[in-house]
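Hydrogens, waters and symmetry mates are skipped; everything else that's a heavy atom, side chains included, is used. Below, chains carry the letters A, B, ... as their sequence lines are ordered, and counting in each starts from 1.
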Amino acid sequence: MGLCRFGRLVKGVGVGRRRPFATSSSAAGGDEMIVRGTGSKSLNLYSAINQALHIALETDPRSYVFGEDVSFGGVFRCTTGLADRFGKQRVFNTPLCEQGIVGFGIGLAAMKSNSQIIFFQLLIRHASRFSSVLSSIVNEAAKFRYRSGNQFNCGGLTIRAPYGAVGHGGHYHSQSPEAFFCHVPGLKVVIPRSPLQAKGLLLSCIRDPNPVVFFEPKVIREGTDITLVGWGAQLSVMEQACKEAESDGISCELIDLRTLLPWDKDTVEASVRKTGRLLRPLDENGLISHEAPVTGGFGAEISASIVERCFLRLEAPVARVCGLDTPFPLVFEPFYMPTKNKILDAIKSTVNF
Amino acid sequence: MMRKSGSTIIKHLKSSSFGLTSWTPKSPLPLAPPSFPQILQIPAAGDFSNFCSRRFESVNAEKTPDSDTTDRNHDQALVFPEGKVKFTPEMRFISETAEERECCYRILDDNGNQILSSNYVEVSKEVAVKMYTNMVTLQTMDTIFYEAQRQGRISFYLTTVGEEATNIASAAALTIDDIVFPQYREAGVLLWRGFTLQEFANQCFSNKADYGKGRQMPIHYGSNKLNYVTIASTVATQLPQAVGAAYSLKMDRKDACVVAYVGDGGTSEGDFHAALNFAAVKEAPVIFFCRNNGWAISTPTSDQFRSDGVVVKGRAYGIRSIRVDGNDALAVYGAVHAARDMAIREQRPILIEALTYRVGHHSTSDDSTKYRPVEEIEWWKMERDPVSRFRKWMENNSWWSDKQELEARNSARKQILHAIQEAEKVDKPPIADIFTDVYDSPSSDLREQEKLLRDTIQRHPCDYPSDFPL
C-alpha cells in the first residue's frame with residue numbers, strides 16, 4: 001500500500017515512472033522533461049520542503065512538525081511561516097535532545113498522528129548525537145510494528161535530516177550517514193535529488209504507513225541525461241561526468257535511486273542487462289557513486305546485488321567512486337569528494353577494461 | 001572578595017525547606033488551564049491551590065528594554081526569562097542534598113493497620129477485593145511460569161515478586177483509556193486491565209496465538225485493545241515515547257493520561273532525562289512511575305545515583321513529584337489516583353517514585369544471591385511483603401477470609417496450569433510471520449527472501465524444526 005502511495009504521489013508532482021517506488025531514469029522521462037513540459041516555476045529545495053510541510057499540515061489536522069529551531073523557520077528556512085499559520089501547538093521547538101525528539105515522535109506517531117521530526121545538521125551529524133538517535137531509530141521506530149505483531153506502529157513518522165558536503169562543514173556537518181539506516185529493516189530511507197522530487201517524496205513519506213528517514217541534499221544542480229547509479233546531490237556531479245563521457249563517444253544511463261531502503265533492484269538490473277538502446281560497453285558495466293565513505297557504503301550493497309544478478313553479463317568489475325574512508329576533512333573537501341573527473345576516469349577505465 | 005567564613009557559608013547551605021503541598025480530595029476545583037475549558041470531568045476533585053507554579057508566567061523573556069536590568073531597591077533582582085532572580089552578596093552554593101531525605105507517603109503500616117491520613121483516597125470493597133485477587137493471581141502466575149522456565153518449557157521469564165502492590169495498585173487507580181508504556185516488570189498492570197491468563201501463556205510459549213507472533217522473548221506482552229504498548233527489552237526508551245503519546249492525548253483533548261513505568265536503573269539513561277524535560281516543556285499529561293526496587297540487575301542504587309533517590313529529580317525539571325511506599329497498595333493507589341487527576345486536569349507531568357524491592361532475581365538468567373545478601377532478600381520478603389500487608393488490611397475490614405484466600409489461590413493455580421497446557425497445544429506461528437510487519441506490506445526483497453527460505457526448507461527439511469506450519 002505504502003509503495004503504491006509513494007508512486008502515485010511522486011507521479012503527482014511530475015517525477016513518477018513505471019516503478020512504484022521512486023526510481024526514475026531519463027530514458028523513461030525524468031523530472032527535467034516534465035518540469036519543462038508543465039512550465040513549473042523554479043523552486044529551490046527549501047521552498048519545496050516548506051510547501052510540502054504546508055500541504056501536510058493543512059490536509060491533516062493531526063500532523064505536527066517539531067525539532068530544533070523549527071519555530072522561527074529553521075536553520076535552513078524549511079519551516080518558515082509554519083508556526084504562524086498552524087500554531088505553536090503543532091509546529092514547535094523542542095529541547096535540544098535528539099533522543100527525546102525521536103522518542104517523542106514515535107509516541108506521537110503511535111497514537112496515529114503524523115509527526116514530522118526536523119533535525120538540523122549540526123546535531124544529527126555530530127557523532128555523539130548520532131549514536132543516541134540511532135538507538136531510538138533502530139531499536140524503537142524500526143521495530144515498533146514487528147515487535148507488537150502489528151498491534152502498534154509508528155507509521156507517519158518522518159525524520160528529516162540534511163546530509164552531505166556543504167563546502168564548509170567539516171567532520172560533523174558534511175557526513176553522509178545513509179548506509180547506517182539502510183541496514184535497519186523496518187525503516188525506509190529516501191533521498192531526493194531535486195526540489196520537485198523533494199516535495200512529492202516528502203509528502204509521500206509523511207503519508208507512508210512506515211517510519212521514514214528522509215535525507216535532504218544541501219546542494220542541487222539541475223541535469224538532464226543519465227547513466228550511472230547514484231542518489232541525492234551526487235546525481236548532478238554524475239550527470240556532468242556523463243555529459244563529458246558522451247563527447248568521448250560513451251553514452252551513459254543514469255539511475256537516480258531516490259529510495260535506498262527498500263531499493264529498486266529490478267530497474268538497476270534491467271539497466272545493466274539492457275542492450276541496443278545504449279552503447280554496448282556500458283550496458284554490461286556498472287558504476288556507483290556516493291559521497292559517503294566507500295567501505296561498507298550503500299554502493300557495496302548495490303555492487304553485490306548487481307554481481308549476484310548479472311554476473312555473466314558483466315564485462316568489468318563494478319566500479320565505486322565514493323568518499324574516502326576518513327572523517328569528513330574540512331579543508332580537504334575537494335580531495336575527499338567523488339568528483340566529476342574521478343567518475344569520468346572510472347567510466348573510461350571500466351569501459352576499456 | 002570572600003569575607004564570609006566557611007561556617008557562614010555552610011549556614012547558608014542549610015537553606016529553608018521547600019514548600020510542600022498536600023493533595024486533598026473533594027476540595028474546590030482549581031481553574032482549568034485556558035486551553036482546556038470544561039471538557040474534562042474528573043470524579044474526585046483535588047485542591048492544588050497551594051502550588052506556586054510558575055508554569056504560565058514568564059515563558060518568554062520579559063522585554064523591558066528601557067528599565068534597568070537591576071532595580072535599585074533593597075531587593076535587587078535580575079530580570080531573566082523565567083522571572084526575576086534576586087541578587088545576593090552572599091556566596092552560597094545550593095546544597096547537593098536537602099537536610100532530610102524526602103518523606104515517603106504511606107497509609108498502611110507494616111501490620112496492615114491504616115494510619116490516619118488527611119487526604120486518603122478511598123478504596124471501595126469491590127475494588128479492594130479485585131486488587132487483592134489480582135495480586136494472588138500475579139503471584140501464582142509468577143511461581144508457575146518461573147517453574148515452567150526451569151523445566152525448559154519456556155525460554156525465559158521475569159517475575160514481579162515483591163512488586164505486586166506497585167503493579168496492581170497503580171493499575172487500579174487508572175482507567176482503561178489511560179495509555180500504558182511499560183518497562184517490563186509490570187505484568188500486573190496488564191492483568192488488571194483484563195489480559196487473560198491464556199493470553200499471557202500464549203506469549204510466553206511463542207505460539208501462533210501470541211499477538212507478537214512468537215518473535216519476541218517471553219514476557220514482552222502488549223495489547224492494543226487494553227492500551228498497553230508492547231514491551232521492548234530496551235531500557236527507558238519508552239519514556240520519551242510516552243511523552244509524545246501524552247502530547248497526542250493533550251492535543252486531542254482526551255480525558256486520559258499516559259503512564260510510563262521505569263526502574264531505578266532506567267533513570268540513569270539519557271532517555272529518562274530527555275523525557276522529563278520534554279514532558280515539562282510540552283506540559284504533557286503523563287505520569288512517570290519509577291519502581292525504585294533497589295537493584296538494576298546487580299547494580300545497587302548506590303552505584304546508580306547520588307541524589308536522594310529519584311523523586312528529587314522531578315523538581316529540577318519543573319515536575320511535581322511524590323515518593324510513596326511501593327509496598328503499601330493503598331498509598332500507591334492514592335498517589336496514582338491523585339497524579340492522574342492532576343495530570344489530566346492541569347495538563348502536566350507527574351513523577352512518582354515508589355520505594356520497593358525486587359524480591360525475585362532479575363530474571364531467569366540471573367542469580368541475585370551472587371551480589372546481594374540472602375538476609376536482605378528474606379527481610380523484604382518476610383517483613384515487608386506488600387501482599388500480606390494488604391491482606392491484613394482487608395481482613396481488618398472483614399473483606400477477606402481464610403476461606404476466600406484458599407479459593408483464590410486454588411482457582412488461580414488451576415487456571416494458570418490450564419492456560420499453560422492449552423498454550424503448549426497451539427501451533428507455532430507460520431513461517432510467513434517471519435516476514436510480516438517489517439513494513440505494512442512486505443517489500444520485494446522480503447518476498448524474494450521468503451521464497452528462497454521456503455525452497456531451502458523443501459530441500460533440507462531436516463535442518464528445520466517440524467512444528468512450524470509452512
Arg62(A) and Met251(B), any side-chain heavy atoms less than 4.5 Å apart: no

Spacing of CD belonging to Gln238(B) relative to CD1 belonging to Ile106(A), to within rounding of 0.5 Å: 11.5 Å

Residue Thr436(B) versus chain A: region with a heavy atom under 4.5 Å: backbone

Heavy-atom proximity to chain A below 4.5 Å, by part of Asp271(B): both

Gap between atom CG of Asp252(B) and atom NZ of Lys112(A) - 0.5 Å precision: 12.0 Å

Heavy-atom side-chain contact between Val229(B) and Phe144(A) under 4.5 Å: yes

Heavy-atom pair count under 4.5 Å with chain A, highest-scoring of Ile179(B), Val243(B), Thr230(B): Thr230(B)

Min side-chain heavy-atom separation Val438(B)-Arg145(A) under 4.5 Å: no

pair Met111(A)-Tyr247(B): side-chain heavy atoms closer than 4.5 Å: no

Within 45° cone and under 6.0 Å: Arg215(B) NZ/CZ vs Tyr146(A) ring: yes

Backbone of Asp440(B) reached by a side-chain donor or acceptor of Asn210(A) within 3.5 Å: yes

Gap separating the CD atom of Gln241(B) from the SG atom of Cys154(A), nearest 0.5 angstrom: 8.0 Å

Sidechain N-carboxylate O distance under 4.0 Å for Arg147(A), Asp437(B): no

Interface moiety of Asp210(B) toward chain A, non-hydrogen atoms closer than 4.5 Å: neither

4.5 Å side-chain heavy-atom contact, Lys282(B) and Phe92(A): yes

Under-4.0 Å salt bridge between Lys265(A) and Asp445(B): yes

Short side-chain donor-acceptor distance under 3.5 Å, Ser223(B) and Gln151(A): no

Nearest non-hydrogen partners of Gly100(A) and Pro240(B), listed with the distance: O-CB, 3.9 Å

Reported OG-to-CG distance for the pair Ser233(B) and Asn139(A), which is rounded to 0.5 angstrom: 9.5 Å

From Leu187(A) atom CG to Tyr439(B) atom OH, the distance as rounded to the nearest 0.5 Å: 6.5 Å

Whether Phe104(A) and Phe278(B) hold their rings parallel, tilted or perpendicular, with breakpoints at 30° and 60°: tilted

